[in-house]
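From a predicted model like this one, the values you see are computed outputs, not experimental measurements.
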Amino acid sequence: MSDFNQGISIIVPTYKGEKYILKLLDSLKNQTLDKNLFDALFVINGERDNSESIIKKFKSENTDLNIEIMESQKGVSNARNLALDTINREYCIFIDVDDYISYNYLEELYKHRKSNRIVLGNFFNVDLNGNLSKTYFSDTLLENNGLFHLYDFDVNPLLITTNKLVPTIYANKVRFNPNLYNGVDLDYFFKLYSKFDFEFYIVDNEREAIYYRVLVPGSISRQDMSFQFNVVDRLKVMKSLDNTYRKSKDKEKIFKLLDFIVNVGQKNFIVRYIEKHPEDYFKALYEIESYHIENFDYLRFFKCLDSLDVNTQDNIKDINNYIYNLYKKGNTFKKENQKLKKELDFKNKLLKTRPYRLAASLRRMAMKLRGRQ
């Protein structure tokens with residue numbers, strides 16, 4: 001790593017962050033790590049607000065901090081890719097513009113640096129009132145510390161962009177996919193782990209090296225349920241991972257990771273959508289098939305639908321079992337004759353009719369009343 005300077009480059013994609021950016025800037029100012037050992041690169045992308053002025057004013061008032069501002073094409077992936085082409089320190093960390101870090105965060109992660117190691121601190125959500133809460137992988141970081149390897153513990157913390165110190169020599173050999181709107185972190189780190197072998201180190205939770213993710217309403221990762229977000233965007237991520245896997249030289253090493261992302265994490269977004277919108281069940285199936293994802297486990301997907309609530313299950317159970325049996329025989333409903341397609345289309349239209357929706361509402365009401373008796 002002799003081509004790089006000592007220390008950490010902090011990459012901050014900056015889009016409409018004027019309400020929150022001072023919290024991040026103050027947390028950088030208060031870092032216990034020597035100020036000569038880190039710099040922060042803010043990459044303005046997309047529609048402008050007052051963020052750049054706030055950064056420039058803060059920089060002029062804190063000349064001991066190494067802060068740079070650049071501008072990229074629209075999109076968080078373009079911002080991060082430009083930064084990866086620009087940074088020149090041995091290690092890098094991604095921070096979102098509306099988040100911030102504990103005063104000792106950089107120092108604690110930097111203490112455990114190593115050329116082939118990714119270092120993780122703790123991670124908590126914080127609401128706009130300052131109240132802390134755990135995220136779905138907080139306990140993994142709290143209950144483990146020290147050296148690990150891939151699959152030694154829950155992989156969820158390894159798949160988010162933030163909260164990790166990454167050797168730059170590897171980080172800048174992989175690019176974020178600007179064609180993905182959601183799941184860019186999954187795609188990037190799957191590529192990274194498929195190309196290189198890392199060990200992982202979790203800082204002892206007693207050190208309280210914490211990444212604070214601010215829960216901002218309407219952010220990309222906290223969108224309302226929709227067919228685009230829960231189905232289409234997830235399938236795009238799966239397809240990209242599928243392509244990476246096919247090109248990988250060590251498929252055995254990363255298959256478990258691929259299977260977890262595709263057939264657990266991303267698949268569950270689709271299942272939750274179908275549970276709420278059974279009328280779009282067949283629309284979702286057509287969409288899934290259109291992507292031709294080789295490692296999408298259809299049989300597990302159909303079986304997962306068996307656990308849906310009674311109303312949803314009753315409405316799709318018969319046809320779901322029929323399609324499940326088709327796949328079990330190695331067929332797909334698209335390969336079947338036009339008669340089946342017409343049946344599916346008819347069923348799909350039926351689920352969208354007003355009488356069906358009204359009947360479904362009445363059934364749910366009746367079940368709630370029975371449950372109270």
Fill in: Basic-acidic side-chain contact under 4.0 Å: Lys253, Asp250
no
Worksheet item: Does Leu22 belong to the same Ile/Leu/Val/Met/Phe/Trp/Tyr cluster as Ile10, with side-chain heavy atoms less than 4.5 Å apart forming each link?
Response: yes
Worksheet item: Which pair of heavy atoms, one from Thr168 and one from Cys92, lies closest together, and at what distance?
Response: OG1-N, 3.5 Å
Item to complete: Report yes or no: does Ser51 contribute a side-chain atom to a donor-acceptor pair with the main-chain N or O of Gly17 at less than 3.5 Å?
Response: yes
Worksheet item: How would you list all residue pairs meeting salt bridge (Lys or Arg N to Asp or Glu O under 4.0 Å) that involve residues 137-157, not counting sequence neighbours?
Response: Lys134-Asp139
Fill in: Residue Lys251 excluded, over 12 heavy atoms near NZ under 6.0 Å
yes
Item to complete: Using a strict 4.0 Å threshold on nitrogen-to-oxygen distance, state whether Asp96 and Arg80 make a salt bridge.
Response: yes
Item to complete: Could you tell me whether a side-chain N or O of Asn144 sits under 3.5 Å from a main-chain N or O of Thr140, the two making a donor and an acceptor?
Response: yes
Worksheet item: Can we say Lys111 and Glu108 salt-bridge, meaning some charged N sits less than 4.0 Å from an Asp/Glu carboxylate O?
Response: yes
Worksheet item: Do NZ/NE/NH1/NH2 and the carboxylate oxygens of Arg89 and Asp39 come within less than 4.0 Å?
Response: yes
Practice prompt. Would you check if the side chain of Asp99 reaches a backbone N or O of Val214 as a donor-acceptor pair within less than 3.5 Å?
Written response: yes
Worksheet item: Does the pair Asp187/Lys239 count as a salt bridge with the N-to-O cut at 4.0 Å?
Response: no
Practice prompt. Using the six-membered ring wherever Trp is involved, compare the ring planes of Phe189 and Tyr193 and label them parallel, tilted or perpendicular (cut-offs 30° and 60°).
Written response: tilted
Worksheet entry | Test: Glu287 and Lys283 ion pair at under 4.0 Å | no
Worksheet item: Under 3.5 Å, is there a donor-acceptor pair between the side chain of Asp242 and the main chain of Met238?
Response: no
Discussion item. Please evaluate residues Ile288 and Leu235 with respect to the criterion side-chain contact (heavy atoms from CB on, under 4.5 Å), reporting the C-alpha separation (whole Å), side-chain torsions for both, the decisive distance (0.1 Å), and the verdict.
Written reply: CA-CA 7 Å; Ile288 291 168; Leu235 291 170; 3.9 Å; yes
Worksheet entry | Arg207 atom CZ, neighbour heavy-atom count above 12 within 6.0 Å | no
Item to complete: Answer yes or no: is there a donor N or O on one side and an acceptor on the other, between the side chain of Asn116 and the main chain of Asp197, under 3.5 Å?
Response: no
Item to complete: Keeping the roles fixed (side chain from Lys164, backbone from Pro157), state whether a donor-acceptor pair exists under 3.5 Å.
Response: yes
Worksheet item: Is atom CD of Glu252 surrounded by more than 12 heavy atoms (other residues, nucleotides or ligands) closer than 6.0 Å?
Response: no
Worksheet entry | Hydrophobic cluster identity match, Phe302 and Ile274, side-chain contacts under 4.5 Å | yes
Worksheet entry | Non-neighbouring partners of Phe227 that pass ring-ring contact (aromatic ring centres under 6.0 Å, His included), sequence neighbours left out | Tyr273
Fill in: Inter-residue atom distance Ser138.OG - Asn205.CG, 0.5 Å rounding
11.5 Å
Worksheet item: Looking at CG of Leu165 and CD of Glu90, how far apart are the two atoms once the value is rounded to the nearest 0.5 Å?
Response: 10.0 Å
Worksheet item: Do other residues, nucleotides or ligands put more than 12 heavy atoms under 6.0 Å from Asn50 CG?
Response: yes
Item to complete: Flag yes if more than 12 heavy atoms outside Tyr103 fall under 6.0 Å of its OH atom; otherwise flag no.
Response: no
Worksheet item: CD of Glu68: more than 12 outside heavy atoms within 6.0 angstrom?
Response: no
Worksheet entry | Name of the residue among Phe153, Phe123, Phe124 meeting ring pair (Phe, Tyr, Trp, His ring centres under 6.0 Å) with Phe137 | Phe123
Worksheet entry | Gap between atom CD1 of Ile261 and atom CG of Leu186 - 0.5 Å precision | 5.5 Å
Discussion item. Using modelled atom types and a 3.5 Å cut-off, is there a donor and acceptor pairing between side-chain atoms of Thr244 and backbone atoms of Ser240?
Written reply: yes
Worksheet entry | Minimum heavy-atom distance between His112 and Val119, given as atom pair plus value | O-CG2, 3.5 Å
Practice prompt. Mind telling me whether Tyr188 and Phe176 have parallel, tilted or perpendicular rings, with 30° and 60° as the class edges?
Written response: parallel
Worksheet item: Between Tyr15 and Arg48, is there a cation-pi geometry (under 6.0 Å to ring centre, at most 45° from the normal)?
Response: no
Discussion item. Just to verify, what does Ser102 make a side-chain contact (heavy atoms from CB on, under 4.5 Å) with, not counting sequence neighbours?
Written reply: Asn104, Tyr105, Ile210, Tyr212
Discussion item. For Asp233, is there any backbone N or O sitting under 3.5 Å from a side-chain donor or acceptor partner on Asn182?
Written reply: no
Worksheet item: Does Gln228 CD have over 12 foreign heavy atoms under 6.0 Å away?
Response: yes
Worksheet entry | Cation-pi geometry met for Arg213 and Tyr211 (6.0 Å, 45°) | no
Worksheet item: How are the rings of Phe198 and Phe200 set to each other: parallel, tilted or perpendicular (split at 30° and 60°)?
Response: tilted
Discussion item. Is the terminal nitrogen or CZ of Lys267 (NZ for Lys, CZ for Arg) located under 6.0 angstrom from the six-membered ring centre of Phe301 and within 45° of that ring's axis?
Written reply: no
Item to complete: Using modelled atom types only, decide if a donor and an acceptor are shared between the side chain of Asn131 and the backbone of Asp127 within a distance under 3.5 Å.
Response: no
